[in-house]
Amino acid sequence: MPPRASKRKTAPPNSSSVTSSDGRSVFSKTKTKGLGKIDRLFNSYANSSSGEIDPDGIVALCSDLGVDHTDVRILMLAWKLKAAKQGFFTQDEWRTGMKALRVDSLSKLKKVLPELEIEVGKPLNYEDFYAYAFRYCLTEEKQKSLDIESICELLNLVLGAQFRPQVDSLIEYLKVQSDYKVINLDQWKNFLRFVQEISFPDLENYDSSLAWPLILDNFVEWMREKHS
């Protein structure tokens with residue numbers, strides 16, 4: 001038995017049910033319009049062949065933002081976009097990041113960079129960003145470590161502003177030592193723990209019997225010999 005037709009009158013249109021002449025809701029069209037602006041911004045920097053923003057596109061974006069392409073805020077932007085490949089932003093990554101930042105224009109992106117720095121600076125976010133910075137630099141399949149030169153550059157970029165004396169000394173040590181050619185993620189994470197927890201330059205609270213990697217035991221020994 002077919003259902004009886006309702007005798008109720010159609011409810012008057014409201015903000016969630018208003019439709020346009022093409023049958024789509026105004027809300028849906030607003031979302032599409034917002035996404036369209038995000039996509040247009042993406043397309044202004046994307047390589048038309050690959051459909052991605054490549055290194056040249058990122059350099060152009062940085063130029064328009066008035067920041068150097070080596071500025072840590074660009075790495076923070078990559079973190080926010082959850083970019084998987086160094087030097088490239090896909091359209092999906094761009095959409096996700098821009099929506100999270102509530103950005104759909106270059107001027108808005110420029111204004112939000114200081115807010116992004118504050119967001120990254122929160123303790124839990126910073127740990128995630130710090131680990132991401134390492135993984136972002138792994139450019140080869142199944143690569144699990146970074147060479148010393150890359151690590152020195154990365155230390156300077158992500159920790160230099162906040163922990164300059166420690167970073168300068170650690171970089172000096174890494175460049176003169178010969179025991180390690182590469183650094184893995186666990187060692188990288190312990191560098192952050194070291195600069196956050198160990199008094200410097202006296203290193204009085206460093207205890208080698210605790211769970212520190214050997215490279216930091218060697219660094220502390222090198223520092224103590226240097227200042228003895």
- request: Consider only side-chain heavy atoms of I, L, V, M, F, W and Y, link residues closer than 4.5 Å, and tell whether Phe219 and Val182 are in one cluster.
  value: no

- prompt: At what distance, to the nearest 0.5 angstrom, does CD1 of Ile215 lie from CZ of Phe191?
  reply: 4.5 Å

field: Asp64 vs Tyr45, side-chain hydrogen bond (donor to acceptor under 3.5 Å, both in side chains): CA-CA, chis, key distance, verdict
entry: CA-CA 10 Å; Asp64 290 345; Tyr45 297 102; 2.6 Å; yes

message: Does Glu149 have more than 12 heavy atoms from other residues, nucleotides or ligands lying within 6.0 Å of its CD?
response: no

query: Can you hop from Ile118 to Val112 via hydrophobic side chains spaced under 4.5 Å?
result: no

Please set out all donor-acceptor pairs under 3.5 angstrom arising from side-chain atoms of residues 86-93, sequence neighbours excluded.
from	atom 1	to	atom 2	distance (Å)
Thr90	OG1	Glu93	N	3.1
Thr90	OG1	Glu93	OE1	3.4
Gln91	NE2	Asp39	OD1	3.3
Glu93	OE1	Thr90	N	2.9
Glu93	OE2	Ala84	N	3.0

message: Counting only heavy atoms from other residues, nucleotides and ligands, does the tally under 6.0 Å from CG of Leu210 exceed 12?
response: yes

message: Restricting to non-hydrogen atoms, name the atom on Leu157 and the atom on Thr70 that form the minimum distance, rounded to 0.1 Å.
response: CD1-O, 3.0 Å

task: Taking the six-membered ring for Trp and the single ring otherwise, decide whether the centroids of Tyr136 and Trp79 are under 6.0 Å apart.
output: no

query: Does any N or O in the side chain of Gln143 come within less than 3.5 Å of the main-chain N or O of Thr139, such that one atom is a donor and the other an acceptor?
result: yes

Side-chain (Arg40) to main-chain (Ser105) donor-acceptor, under 3.5 angstrom: no

- prompt: Are Leu116 and Lys80 close enough that some pair of their side-chain heavy atoms sits under 4.5 Å apart?
  reply: yes

query: Taking all atoms of both residues into account, what is the closest heavy-atom pair of Ser145 and Leu138, and its distance?
result: O-CD2, 3.7 Å

Residues Leu109, Leu65; criterion side chain to side chain contact (heavy atoms under 4.5 Å, CB included); working and verdict: CA-CA 8 Å; Leu109 182 56; Leu65 289 171; 4.0 Å; yes

message: Just verifying a value: how many Å separate Glu153 CD and Cys137 SG, rounded to the nearest 0.5 Å?
response: 9.0 Å

task: Using a 4.5 Å cut-off on heavy atoms from C-beta on, say whether the side chain of Arg224 contacts that of Leu203.
output: yes

Residue pair Met76 / Val72, side-chain heavy-atom distance below 4.5 Å: yes

query: Will you find, in the side chains of Asp217 and Tyr206, an N or O donor that is under 3.5 Å from an N or O acceptor?
result: yes

- request: Say whether Ser199 and Asn205, considering side chains only, have a donor N or O and an acceptor N or O under 3.5 Å apart.
  value: yes

query: Is the backbone N or O of Leu41 less than 3.5 Å from a side-chain atom of Ser44, with the two atoms forming a donor-acceptor pair by type?
result: yes

- prompt: Does a donor on one side chain and an acceptor on the other come within less than 3.5 Å for Asp207 and Trp212?
  reply: no

- prompt: Looking only at heavy atoms, what is the nearest atom pair of Asp68 and Ile74, with distance?
  reply: O-CG1, 3.9 Å

message: Quick check for you: to the nearest 0.5 Å, what is the distance between Leu154 atom CG and Phe134 atom CZ?
response: 8.5 Å

- prompt: So do Pro165 and Asp168 actually touch side chain to side chain, heavy atoms under 4.5 Å?
  reply: no

- prompt: Is any NZ, NE, NH1 or NH2 atom of the basic residue among Glu172 and Lys226 found under 4.0 Å from an Asp or Glu carboxylate oxygen of the other?
  reply: yes

message: Are the side chains of Thr96 and Leu81 in contact, using a 4.5 Å heavy-atom criterion?
response: no

query: Does the Asn125 side chain pair with the main chain of Glu119, one donor and one acceptor, at a distance under 3.5 Å?
result: yes

field: Non-hydrogen atoms of Ser169 and Met223 that approach each other most closely
entry: CB-SD, 3.8 Å

task: Mind checking the CG-CG spacing from Leu192 to Leu159? Nearest 0.5 Å is all I need.
output: 6.0 Å

- prompt: Is a donor on one side and an acceptor on the other found under 3.5 Å between the side chain of Trp94 and the backbone of Ile38?
  reply: yes

Main-chain N/O of Asp179 paired to Gln177 side chain as donor or acceptor, under 3.5 Å: yes

message: Using every non-hydrogen atom in the two residues, find where Gln187 and Pro213 come nearest and quote the distance to one decimal.
response: CG-CB, 4.3 Å

- prompt: When rounded to the nearest 0.5 angstrom, what distance separates CG in Asp202 from CZ in Phe200?
  reply: 9.5 Å

- request: Examine Phe129 and Leu124 and state if one hydrophobic cluster contains both, with Ile, Leu, Val, Met, Phe, Trp and Tyr joined whenever side-chain heavy atoms are less than 4.5 Å apart.
  value: no

- request: Using modelled atom types only, decide if a donor and an acceptor are shared between the side chain of Asp147 and the backbone of Ser150 within a distance under 3.5 Å.
  value: yes

- prompt: Would Val67 and Arg73 count as a side chain to side chain contact (heavy atoms under 4.5 Å, CB included) if you check the C-alpha gap in whole Å, the side-chain angles of each, and the deciding distance to 0.1 Å?
  reply: CA-CA 8 Å; Val67 299; Arg73 289 172 293 180; 3.2 Å; yes

- line: Sorted by chain and residue number, the ring pair (Phe, Tyr, Trp, His ring centres under 6.0 Å) partners of Phe163 (sequence neighbours excluded) come out as none

task: State plainly whether one hydrophobic cluster holds both Ile53 and Val59, where clusters connect Ile, Leu, Val, Met, Phe, Trp and Tyr through side-chain heavy atoms under 4.5 angstrom apart.
output: no

message: For the backbone of Tyr130 and the side chain of Trp188, can you confirm whether one donor and one acceptor N or O come within less than 3.5 Å of each other?
response: yes

Residue pair Leu174 / Tyr180, side-chain heavy-atom distance below 4.5 Å: no

- prompt: Does the side chain of Leu101 reach to within under 4.5 Å of the side chain of Leu77, using non-hydrogen atoms?
  reply: yes

query: Side-chain contact, heavy-atom cut-off 4.5 Å: Lys37 with Val103?
result: no

- prompt: Is there a donor-acceptor pair under 3.5 Å between the side chain of Tyr132 and the backbone N or O of Ala78?
  reply: yes

- line: Distance col, row Leu146:CG vs Cys152:SG, nearest 0.5 angstrom, shows 11.0 Å

